[in-house]
Peer 1: 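Sharing a structure here in structure tokens format.
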Amino acid sequence: KKPRYTGLRIQYGVREAGARPTGCEEEVHQWFGEGVYALTATYGGLDGNRFEMLAVVFRDDSPVAENANWNPAEVKDSCLERLQAAGHVEEVLELAK
């Protein structure tokens, strides 16, 4: 079967720990904005280092090629703009920066 484009897009990012509020490192947080869902969490990594993850899910009816050639800075900027426009809280915005 040929894959069918669903219109759901997922952007994700990983950074060194330190942007999420102190005390929530053991929690996974879900955030719901206007048409944009975000998930944040802190994970352990190599050599005991900790990292924070942000996954952003949104609808886009314009299909793009799978694993399209993309510019990380442009993706970061568009993700941050999308989160701001959706009304996400500062915790999510700080992690996206």
Side-chain angles (χ1 to χ4, degrees):
K1 269 184 157 176
K2 182 180 176 183
R4 183 175 67 96
Y5 183 69
T6 64
L8 292 178
R9 303 266 315 268
I10 302 171
Q11 293 179 314
Y12 65 92
V14 177
R15 61 174 284 161
E16 290 184 17
R20 296 181 75 210
T22 303
C24 72
E25 297 87 356
E26 304 300 322
E27 302 170 350
V28 175
H29 290 174
Q30 297 183 81
W31 303 97
F32 298 90
E34 187 63 40
V36 181
Y37 167 81
L39 178 72
T40 62
T42 305
Y43 296 95
L46 297 174
D47 301 323
N49 295 324
R50 297 186 53 86
F51 295 89
E52 295 168 341
M53 178 277 305
L54 169 68
V56 177
V57 181
F58 60 98
R59 182 164 187 80
D60 184 348
D61 291 323
S62 306
V64 295
E66 187 173 337
N67 296 321
N69 186 18
W70 47 271
N71 177 320
E74 289 176 8
V75 171
K76 179 180 175 182
D77 290 346
S78 71
C79 183
L80 189 54
E81 289 172 12
R82 182 174 292 106
L83 291 167
Q84 289 170 327
H88 275 278
V89 297
E90 194 61 31
E91 178 180 333
V92 176
L93 300 178
E94 281 302 312
L95 189 53
K97 294 177 183 176

Peer 1: Looking at OG1 of T42 and CD of E16, how far apart are the two atoms once the value is rounded to the nearest 0.5 Å?
Peer 2: 12.5 Å

Peer 1: Rounded to the nearest 0.5 Å, what separates atom SG in C79 from atom NZ in K97?
Peer 2: 12.5 Å

Peer 1: Any side-chain to backbone donor/acceptor pair from D47 onto N49? Under 3.5 Å, distance only.
Peer 2: no

Peer 1: Should we count CD of E90 as having more than 12 external heavy atoms under 6.0 Å?
Peer 2: yes

Peer 1: So does F32 have more than 12 non-hydrogen atoms from other groups sitting under 6.0 Å from CZ?
Peer 2: yes

Peer 1: Enter the distance from F58:CZ to L83:CG here, rounded to the nearest 0.5 Å.
Peer 2: 9.5 Å

Peer 1: Taking all non-hydrogen atoms of both residues into account, name the closest pair between L54 and T40 and its distance.
Peer 2: CD1-CG2, 3.7 Å

Peer 1: Can you get from V36 to W31 by hopping between Ile, Leu, Val, Met, Phe, Trp and Tyr side chains that sit under 4.5 Å apart?
Peer 2: yes

Peer 1: Considering all heavy atoms of both residues, which atom of A96 and which atom of K76 are nearest to each other, and what is their separation?
Peer 2: O-CE, 3.6 Å

Peer 1: Is there a donor-acceptor contact under 3.5 Å from the side chain of E52 to the main chain of L95?
Peer 2: no

Peer 1: How many angstroms lie between atom CD of Q11 and atom CZ of R82, to the nearest 0.5 angstrom?
Peer 2: 4.5 Å

Peer 1: So which heavy atom on E94 is nearest to which on A19, and how close?
Peer 2: O-CB, 4.2 Å

Peer 1: Within the distance-only criterion (no hydrogens, no angle test), does the side chain of R59 pair as donor or acceptor with the backbone N or O of T6 below 3.5 angstrom?
Peer 2: yes

Peer 1: Between CD1 of I10 and OH of Y37, what distance do you get to the nearest 0.5 Å?
Peer 2: 10.5 Å

Peer 1: Partners of E26 by salt bridge (Lys or Arg N to Asp or Glu O under 4.0 Å), sequence neighbours excluded?
Peer 2: R50

